Amino acid sequence: MRHPVPLPRGALIRSYATLVLVMLLWSGNVIIGRAINNSVPPFTLAFVRWSGATLIVFPFAYRHLRADGPTIIRAWKPVAVLGLTGVASFNAFTYAGLHFTTAANGLLLQAATPALVLLFTAIVFRQRSSLLQVTGVLLSILGVALVVLQGRPLAVLDMSFNRGDMLILCGVISWAAYTSLLRLRPACHPLSFLFVTFAIGVAAMAPFALHEAVSGQVIRWSVPVLAAFAYVAVLPSLVAFFLYNAAVQQLGPGVAGQAITLMPVFGSLLAAL
């Protein structure tokens, strides 16, 4: 993956606007994951999500896969890590955590992502963060906390944290690793990369989804559940990942990671609605 280069003003604005849209779509994913937690087991939801996204993207990615196959095979190690961290682990931990905690807690924990992205980047790539970046991350976390706590800082004392929060925190760590490691993405077409990483997510989730089914955890079918499946397979998966990967390539992982702090803001608004 090439390092970000200075962008023209128009392209820069489009990249930031893209990140805003991505965060809105991912916020909706958290809200929906919480809303249907009693109707769909978590790993089953993740399996359905990535199976649907993989099937949708395949017809568009097929001709690129034929050309990019050798490149992807040579870079199978970073591709596998990216698929496991960004697609499989993050979503599995998030959906599992939402069975035990609130959407507000889950969204608030997302605010830790920018700091973790800078930490991973420093540890793995020896890239030092500027004082301005660190200050921006701290201010964004403070701003998110004030929004989620509705301007009452002492309200944090009334919040309770449980194993669901720990699961979501594991997901946040996985996502920060994915964002930092995206620079290792091979030089292949974006659709080829999406298909392969989505397929890795499907393969990783399949045994866990099967275990849920065997243990009697089944889907309680309804129109809202079908609508939720359609949403998570298309918008926060296919559309959002395509746009986010492009934004990381253009702006760098540090900048893209900081956009995650918009999720609690959007999530609070969506939860209220």
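These numbers were taken from a predicted model, which means no experiment stands behind them.
A heavy-atom distance below 4.5 Å is found between the side chains of I72 and S192. Within the 4.5 Å cutoff, no side-chain heavy atoms of Y95 are placed close to those of V30. Residues L19 and Y244 form a side-chain contact, since some pair of their non-hydrogen atoms from C-beta on lies under 4.5 Å apart. By the 4.5 Å heavy-atom criterion applied to side chains, I200 and V87 are not counted as neighbours. Side-chain atoms of F241 and T197, non-hydrogen and from C-beta on, never get closer than 4.5 Å to each other. Inter-residue side-chain proximity for R185 and N245 is flagged as met; some heavy-atom pair is nearer than 4.5 Å. Annotation: side chain of L238 is in contact with side chain of F198 (closest heavy-atom distance under 4.5 Å). Here the side chains of V48 and V40 are not in contact, with every heavy-atom distance at 4.5 Å or above.
Cluster annotation: V225 and M205 are assigned to the same hydrophobic cluster (Ile/Leu/Val/Met/Phe/Trp/Tyr, side-chain heavy-atom contacts under 4.5 Å, transitive). Note: the hydrophobic cluster containing L82 also contains L116 (ILVMFWY, side chain heavy atoms under 4.5 Å, direct or indirect links). Taken together through direct or relayed side-chain contacts under 4.5 Å among Ile, Leu, Val, Met, Phe, Trp and Tyr, V124 and V79 form part of one hydrophobic cluster. F43 and L167 are members of different hydrophobic clusters when ILVMFWY side chains are connected at heavy-atom separations under 4.5 Å. Residue V239 is grouped with residue V196 when hydrophobic side chains (ILVMFWY) are merged at heavy-atom distances under 4.5 angstrom, including chains of intermediate members.
If you take CG on L118 and CZ on F120, they are separated by 11.5 Å, rounding to the nearest 0.5 Å. The distance from atom CG of L270 to atom CG of L24, rounded to the nearest 0.5 Å, is 6.0 Å. The distance from atom CD of E212 to atom CG of L45, rounded to the nearest 0.5 Å, is 9.5 Å. The distance from atom CD of Q249 to atom CZ of R183, rounded to the nearest 0.5 Å, is 12.0 Å. Considering NE2 of H189 and OG1 of T71, their distance stands at 13.0 Å, rounded to 0.5 Å. Interatomic distance, CZ of R74 versus SG of C188, reported as 11.0 Å (0.5 Å rounding).
Of all heavy-atom pairs between A256 and V248, the closest is CB-CG2, 3.5 Å. S15 approaches A247 most closely through the heavy-atom pair O-CB, 4.5 Å. Scanning both residues, L25 and P236, for their nearest heavy atoms gives O-CB, 3.8 Å. Closest approach of I168 and G97 over heavy atoms only: CG1-CA, 3.9 Å. Residues T101 and G164 approach most closely at CG2-C, 4.0 Å, considering heavy atoms. When all heavy atoms of Q217 and P41 are compared, the pair lying nearest together is O-CG, 3.5 Å.
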- [ ] Could you go through the side chain to side chain contact (heavy atoms under 4.5 Å, CB included) check for F100 and N37 one step at a time?
- [x] CA-CA 9 Å; F100 305 103; N37 70 333; over 6 Å; no
- [ ] Mind running side chain to side chain contact (heavy atoms under 4.5 Å, CB included) on F125 and L184 for me, showing each step along the way?
- [x] CA-CA 11 Å; F125 300 105; L184 301 179; 3.9 Å; yes
- [ ] Please test Y178 against L84 for side chain to side chain contact (heavy atoms under 4.5 Å, CB included), starting from the C-alpha separation and ending with a verdict.
- [x] CA-CA 9 Å; Y178 172 81; L84 291 173; over 6 Å; no
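Classified by interplanar angle (parallel below 30°, tilted 30° to 60°, perpendicular above 60°), the ring pair W26/W175 is perpendicular.
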Identify all side-chain donor-acceptor contacts of residues 51-63 below 3.5 Å with residues at least two apart in sequence or on another chain.
from: S51; atom 1: OG; to: F47; atom 2: O; distance (Å): 2.7
from: T54; atom 1: OG1; to: W50; atom 2: O; distance (Å): 2.6

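Judged by distance alone, the side chain of T121 and the main-chain N or O of S180 form no donor-acceptor pair under 3.5 Å. Using a distance-only test at 3.5 Å, with no hydrogens or angles considered, no donor-acceptor pair links the side chain of T179 to the main chain of V117. Panel note: side chain S237, backbone V234; no donor-acceptor pair is recorded below 3.5 Å.
Within a 6.0 Å radius of OH in Y231, more than 12 heavy atoms belonging to other residues, nucleotides or ligands are found.
Seen from the ring of F229, R49 does not count as a face-on cation partner, given the 6.0 Å and 45° thresholds.
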